[in-house]
Number of protein chains: 2
Amino acid sequence: MTQDRNRGVDDPARLRGIVRDIPQATVARLPVYLRALHELAERRVGTVASQVLARAAGVSPAKLRKDLSCLGSYGTRGVGYDVATLAEQIARQLGLTQDWPVVIVGVGKLGQALANYAGFADRGFRVVGLLDADPARVGQIVAGSVVRPATELERVVAEHGVCIGVLATPAGSAQRMCDRLVAAGVSSILNFAPVVLSVPDGVDVRKVDLSLELQILAFHEQRKDAVRRAAGVLGAMRA
Amino acid sequence: MTQDRNRGVDDPARLRGIVRDIPQATVARLPVYLRALHELAERRVGTVASQVLARAAGVSPAKLRKDLSCLGSYGTRGVGYDVATLAEQIARQLGLTQDWPVVIVGVGKLGQALANYAGFADRGFRVVGLLDADPARVGQIVAGSVVRPATELERVVAEHGVCIGVLATPAGSAQRMCDRLVAAGVSSILNFAPVVLSVPDGVDVRKVDLSLELQILAFHEQRKDAVRRAAGVLGAMRA
DNA sequence: CTTTGTGAACAGTTTCACAGCC
DNA sequence: GGCTGTGAAACTGTTCACAAAG
């Protein structure tokens, strides 16, 4: 807070400082912990130690404890964490106790997969609009909703107070649709199109890039190959 | 290299040290640079300055230059980078100059979207098998290939020397299919199922979690709301 | 004069290890 | 005894600023 002393009260950085801030890396893991907690709750587990929860989430116990300490002290020393309480606290921090109306722009195979994805509905994300520019897709029923023409984007956003948009269009139309979402009032975008979107300040974009992930794997795979070859050469040299 | 002095030559960590290592964060950005370079090449741009390429890739020029310096000195001071040369070097580092046979396990909407995704074929990823446990899907044609029964997993992996597997199954069967992929010799897995996979050492897993990304956006969106409310309160107090 | 390549400062994240509480 | 919460240390990644090169 000290570094904000000379800012005005209207300064967004100052105002953000009022809310306790949580490191990016921690925020990205909270949903993982939440899922693990839901699984434990289903198995009627009442209390869990950091060791066990960490294993279920695929992180180290120390990291888990540090992450959870950002939310407050919800554990009991010598015992562990109450599964239900902790799940509730994480959900609250993530803003999942409220309902988030979402539009999906682009209803190809990927858009359809997203519309059908149970993980969305489970977490308070309600798909209130499926939009597509292709007249052949308009009118189809996907995941129980009718696909509407892209021209209705502004209407759907305004009608449901949509803040979060999912872009699953081809690369060519992603920026144009993004601009329209932002103009209509959407301030968070999940982008599946393989392009770098440009958006004004205050709009968050997260990108999921399918081919990027494979390329990273290819890098490591090639690296393993190189190591295997090097081992072979060194082995041969010794012989 | 100094810390490896007392390791044996068979130690994988030592052998990995022989290959020049590139920071994780840099590896994750190389595919983005590569895409930007391909776009520039299509527009017949021959040379590009870090400033311009950085903008196209959505990073800062300093970060771009530091990243590229890991690959060697392929720029010319006062001029910039040769688009074709740089693209080639990045592709080589990522291992995209070779062809990677890939299997997709689980051919629901998401699996179909992945099978049809042009970005894979473009980068040397060749889908050599579509597998599904559901008899209703077996035999269907998806992206020009026939869907085969999951029982053929081991045969397909062996036949094509598959190193990379893509998991797009429901959560319930992901770990089982993962175990079979690993047992068959796959050592890199791209996981779309919402579970934490456990794999032996030496196997790389990357996870793409659709609902996780939305939850992170919800967090930031809620945070913005809180800031807006705080601004409102402070504004009212002044009035 | 322009633009790269890079050491050095800085910022963010993870790990360690242990005090404090049950 | 067991387990959490947390400073301090170690590590990783980013930004700065400028010397070196064309």
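Naming: A, B, ... by sequence-line order, numbering from 1 per chain.
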Does any non-hydrogen side-chain atom of A/Gln93 lie less than 4.5 Å from one of B/Phe219? yes
Near B/Gln98 CD, under 6.0 Å, is it more than 12 heavy atoms from other residues, nucleotides or ligands? yes
Whole angstroms only, please: what is the CD1-C1' distance between B/Ile22 and D/dG13? 15 Å
Round to the nearest Å and state the distance from A/Lys66 atom NZ to D/dT6 atom C1'. 6 Å
Option from A/Arg29, A/Gln24, A/Arg206 for which side-chain contact (heavy atoms from CB on, under 4.5 Å) with B/Ile216 holds: A/Arg206
Tell me yes or no: between the side chains of A/Asp67 and A/Thr26, is some donor less than 3.5 Å from an acceptor? yes
Between C1' on D/dG5 and NZ on A/Lys63, what's the gap in Å once rounded to a whole number? 18 Å
Hey, where on DNA chain C does chain A first and last touch, going 5' to 3'? Cut-off is any atom under 4.0 Å from a heavy atom. C/dT13 to C/dC22
Check B/Val105, B/Leu167, B/Val195, B/Asn191 against B/Cys178 for a side-chain contact (heavy atoms from CB on, under 4.5 Å) and give me the one that passes. B/Leu167
Within the distance-only criterion (no hydrogens, no angle test), does the side chain of A/Lys224 pair as donor or acceptor with the backbone N or O of B/Ser187 below 3.5 angstrom? yes
Without decimals, in angstroms, what is the distance between A/Asp67 CG and D/dT4 P? 14 Å
Side chains of B/Gln215 and B/Ser211: do they bring a donor and an acceptor to under 3.5 Å? yes
Want to settle it: does A/Ala62 or A/Val79 sit nearer the 5' end of DNA chain C, counting the closest nucleotide to each? A/Ala62
Donor-acceptor pair, side chain of B/Ser60 and main chain of B/Lys63, under 3.5 angstrom: yes
Let me know the distance between CG of A/Leu64 and P of D/dT6, rounded to the nearest Å. 14 Å
Heavy-atom contacts under 4.0 Å between residues 34-61 of chain B and DNA chain D, which residues? B/Ser60
Whole-Å distance between D/dT14 P and B/Leu68 CG? 14 Å
Is the phosphate of D/dT4, meaning OP1 or OP2, less than 4.0 Å from a side-chain N or O of A/Thr76? no
Atom CZ of B/Arg65 to atom P of D/dA19: distance rounded to whole Å? 15 Å
Starting at the 5' end of DNA chain C and moving along, which residue's nearest nucleotide shows up first, B/Tyr81 or A/Pro23? B/Tyr81
Could you tell me if B/Arg65 and B/Ser50 have a donor-acceptor pair between their side chains, going purely by distance under 3.5 Å? yes
